[in-house]
Amino acid sequence: ISCYWGSMHALLLLLSLFLARPTGAGALNDSVLPFMEYLDPDRNVSLKWGFNDAQGTITFSLSIKSTGWVSLGFSPNGGMEGADIVMGGIGPGGAYFTDRHATGNILPVVDKQQNYTLLSLTEIEGQTTMTFQRAIQSCDDDDFHITARPIKLIYAYGTNDELNYHGKRRGTKEINLLNYMPRITLPSTDYLTITVDNINIPATHTHYHCMVMKLPKLKGKHHIYRIEPIIEHHDIVHHMLLYGCPSFVNETYNGPCYRGDTGDHCFRVVAAWAVGGGVYEFPENAGIPVGGESGDTFYRLEIHYNNPAREEGRRDSSGLRLYYTAQLRQHDASVLTTGLLLQGNLDYSIPANATQFHTYGMCNTSLFSKLEDAPVPDLHVFALELHTHLAGRKVRVGHFRNGTQIDFLALNENYNFEMQQITNLGNIKTIKQGDNIVVECTYNTVNRTGDTKMGLATTDEMCLAFLFYYPANNIDTCWSHPTTHLSDMADSHNMSWYPKGTMMDMMKTPSVNCQMMEATSAPNSNPTFGRASGRLSTSWAVTLTGLLLLWAALM
């Protein structure tokens with residue numbers, strides 16, 4: 001991938017910008033900006049964008065219901081520090097627009113090199129719209145390198161044109177800009193609401209509450225296409241999971257989780273939400289099946305409450321709203337839980353004072369045939385959610401075939417415990433039978449004095465990747481255990497074989513190396529269009545040495 005700019009390229013770029021200038025109220029047409037997302041729950045902040053691979057450019061149009069300054073940033077972890085930010089508006093002296101970077105929670109610093117081009121800035125009927133363009137890969141160290149991975153976008157705005165503190169007028173949303181899967185118009189307004197009812201939250205740091213219930217009977221098979229969280233107390237609700245239950249679970253339950261009731265066997269993930277996430281909509285060709293003769297009868301809602309202050313008297317009625325339709329999609333979708341086994345007594349812990357401690361969990365899909373009477377079709381993964389707790393710093397999900405890594409299903413080099421969103425991959429990742437899925441988690445425990453165990457508490461750790469895929473099969477979990485024995489459980493819905501094996505090292509994360517070079521001009525070219533430029537190289541390294549055991553941990 002190159003970000004070298006010659007004079008002819010610059011001339012063509014400026015010509016394309018001229019041709020793309022709006023003739024109306026300042027907004028480019030949908031062919032230039034085909035994608036759109038609201039960045040805030042109240043729909044006061046919207047972002048449209050589009051990109052051109054051939055030209056190597058990406059164009060944005062940010063609209064905010066404000067007549068003050070507006071800003072959009074690209075952040076490594078969802079915060080201000082280290083973010084690449086553009087700010088603009090229309091003040092008494094006219095339009096202003098700058099390329100900046102943030103060094104902390106203070107006014108961002110103006111970049112020495114301005115790499116964003118303003119296309120238009122309008123202020124109409126109380127709304128400011130700022131349209132601008134940049135190279136997808138910038139050669140400026142102060143700019144964020146946009147890749148085909150989810151990016152944490154941040155926004156903020158003021159009530160006037162003084163660049164002062166934004167207060168609560170800010171937010172964060174993770175979006176895959178280059179592999180975006182657009183949302184669809186709601187095909188129906190029918191939904192199921194599954195919430196706990198004013199339960200008491202004990203004065204403990206971690207509490208898991210489970211409710212096993214029978215859903216209202218639907219006439220015929222339907223597809224769940226939208227998962228919407230209902231959060232009463234954002235400060236204590238950490239994550240929620242809705243599981244389908246096996247046929248032998250036929251009693252309701254409402255109380256603490258994992259106390260030995262039959263609901264503990266419900267592990268087929270139907271819907272998921274975690275802190276920092278929002279509404280999730282399935283692609284238009286897939287949905288989670290519900291209802292009908294073969295549908296699950298009982299379901300278990302699990303809510304993890306994080307109450308570090310150990311407050312007493314807190315009550316909650318949170319849960320999930322599931323939108324469903326009788327207009328069936330092409331594929332039944334499902335969720336495969338991969339990573340490390342959390343059930344049972346795991347004699348494994350992360351030592352204190354570790355700067356980078358790695359754990360690995362592996363799913364060996366060649367074992368699927370042991371659970372299914374017929375061959376299991378390929379898994380087409382379209383979305384993914386990663387999950388660790390407070391010590392987690394990085395999560396990588398590798399895809400191996402014939403002993404060699406062929407891809408990453410997911411990469412998060414700046415994992416943020418407060419930002420856990422189901423993310424569409426954009427490109428479908430196909431997992432064939434016999435492939436291995438390796439989940440690698442990196443932890444930092446330099447601020448801890450004792451060992452950190454793998455467990456349910458917020459102060460414990462997890463290492464999980466939830467894979468959303470189609471077509472659905474009957475296997476819901478495929479995770480590894482830090483023992484080397486072969487065992488199976490009675491519940492046929494669970495992948496529970498843990499054979500001895502070898503864990504291969506994963507590829508190095510693709511790195512972006514951009515070195516600045518002087519622009520060159522062709523003979524008789526206009527030097528006005530020359531600019532500093534560079535060449536971007538992406539390097540991949542594959543290490544073939546194996547790590548003994550199915551589970552490995554490295555300092």
Side-chain angles (χ1 to χ4, degrees), residues 17 20-22 24-30 32-33 35-51 57-76 78-111 114-135 138 140 142-144 146 151-175 177 180 278:
L17 297 184
R21 280 190 179 276
L28 300 181
N29 59 45
D30 290 341
V32 179
L33 303 172
F35 310 124
M36 194 278 283
E37 277 275 3
Y38 287 103
L39 303 186
D40 69 320
D42 298 326
R43 299 195 168 194
N44 291 323
V45 180
S46 68
L47 180 70
K48 293 183 177 181
W49 76 96
F51 55 90
T57 58
I58 185 166
T59 306
F60 299 94
S61 184
L62 176 71
S63 295
I64 297 181
K65 292 180 181 179
S66 172
T67 56
W69 61 267
V70 299
S71 68
L72 179 72
F74 307 86
S75 169
M80 277 191 66
E81 186 172 358
D84 176 16
I85 297 174
V86 288
M87 303 181 71
I90 299 179
Y96 56 93
F97 176 83
T98 49
D99 176 9
R100 297 168 177 258
H101 65 276
T103 57
N105 292 327
I106 57 176
L107 180 67
V109 179
V110 177
D111 288 5
Q114 296 290 297
N115 294 320
Y116 290 79
T117 301
L118 179 65
L119 302 183
S120 67
L121 230 170
T122 62
E123 191 177 285
I124 300 173
E125 296 181 352
Q127 178 169 283
T128 299
T129 298
M130 183 169 67
T131 304
F132 53 95
Q133 190 174 65
R134 57 161 280 183
S138 171
D140 188 349
D142 290 329
D143 290 341
F144 190 94
I146 297 176
I151 296 171
K152 294 177 177 66
L153 301 179
I154 60 175
Y155 69 87
Y157 59 96
T159 56
N160 54 49
D161 292 292
E162 295 182 14
L163 300 183
N164 48 23
Y165 181 56
H166 48 66
K168 295 183 179 180
R169 298 178 297 274
R170 60 169 296 277
T172 304
K173 188 163 189 176
E174 188 174 64
I175 299 175
L177 295 172
Y180 180 70

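We number each residue from 1, following the sequence as shown. Hydrogens, waters and symmetry mates play no part in the numbers below; they use all other heavy atoms, side chains included.
In this structure, K173 and L39 approach most closely via the heavy-atom pair CD-CA, 4.0 Å. Nearest heavy-atom pair, I154 versus G79, reported as atom, atom and distance to 0.1 Å: CD1-O, 3.8 Å. Closest of all the heavy-atom pairs between T67 and G126 is CG2-CA, 3.7 Å. Contact record, E81 with T103: CG-O, 3.7 Å, taken as the closest heavy-atom pair. Pairing each heavy atom of G82 with each of P76, the nearest pair is O-CD, 3.6 Å. Nearest heavy atoms, G89 versus L121: O-CD1, 3.5 Å.
Atom-to-atom distance recorded for K152:NZ and S75:OG is 7.5 Å, nearest 0.5 angstrom. Interatomic distance, N115 CG to S138 OG, rounded to the nearest 0.5 Å: 4.0 Å. We find the OG-CG distance between S46 and L62 to be 7.0 Å, quoted to the nearest 0.5 Å. Taking CD1 from I85 and CG from D99, the interatomic distance works out to 10.0 Å, rounded to the nearest 0.5 Å. In this structure, the separation between CD on E174 and CD on E37 is 11.5 Å, given to the nearest 0.5 Å. Annotation: the span from L177 atom CG to F35 atom CZ amounts to 9.5 Å, rounded to 0.5 Å.
Partners of W69 under the ring pair (Phe, Tyr, Trp, His ring centres under 6.0 Å) rule, at least two apart in sequence or in another chain, do not exist in this structure. Scanning for ring pair (Phe, Tyr, Trp, His ring centres under 6.0 Å) contacts around Y155 gives an empty result, with sequence neighbours left out.
Two rings, from F60 and W49, have their centers 6.0 Å or more apart.
Distance alone, capped at 3.5 Å, places no donor-acceptor pair between the N160 side chain and the G68 backbone. Formation of a donor-acceptor pair under 3.5 Å by the T98 side chain with backbone atoms of R100 is not found in this model. Checked by atom type and distance alone, the side chain of D142 never pairs as donor or acceptor with a backbone atom of H101 at under 3.5 Å. In this structure, the side chain of R169 does not engage the main chain of A156 through any donor-acceptor pair within 3.5 Å. With hydrogens and angles ignored, the 3.5 Å screen pairs no side-chain donor or acceptor of D84 with any backbone N or O of D143.
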Checklist line | Candidate pair I151 and F74, rule side-chain contact (heavy atoms from CB on, under 4.5 Å), full reasoning | finding: CA-CA 7 Å; I151 296 171; F74 307 86; 4.1 Å; yes
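The shortest side-chain heavy-atom distance between R170 and T172 falls under the 4.5 Å cut-off. Annotation: side chain of L107 is not in contact with side chain of N164 (no heavy-atom distance under 4.5 Å). Between I146 and R134 there is a side-chain heavy-atom pair separated by less than 4.5 Å. Using a 4.5 Å heavy-atom threshold, the side chains of L47 and L153 count as touching. When side chains are defined from C-beta on, L118 does not count as touching V86, because their heavy atoms never get closer than 4.5 Å. M80 has its side chain within reach of P108: a pair of non-hydrogen atoms, C-beta onward, lies under 4.5 Å apart. A 4.5 Å side-chain heavy-atom check between T128 and E123 finds at least one atom pair inside the cut-off. Looking at L163 and M87, their side chains come closer than 4.5 Å, going by heavy atoms from C-beta outward.
A side-chain donor from one of Q133 and T59 sits under 3.5 Å from a side-chain acceptor of the other. Side-chain atoms of D111 and Y116 form no donor-acceptor pair, as typed in the model, at a separation below 3.5 Å.
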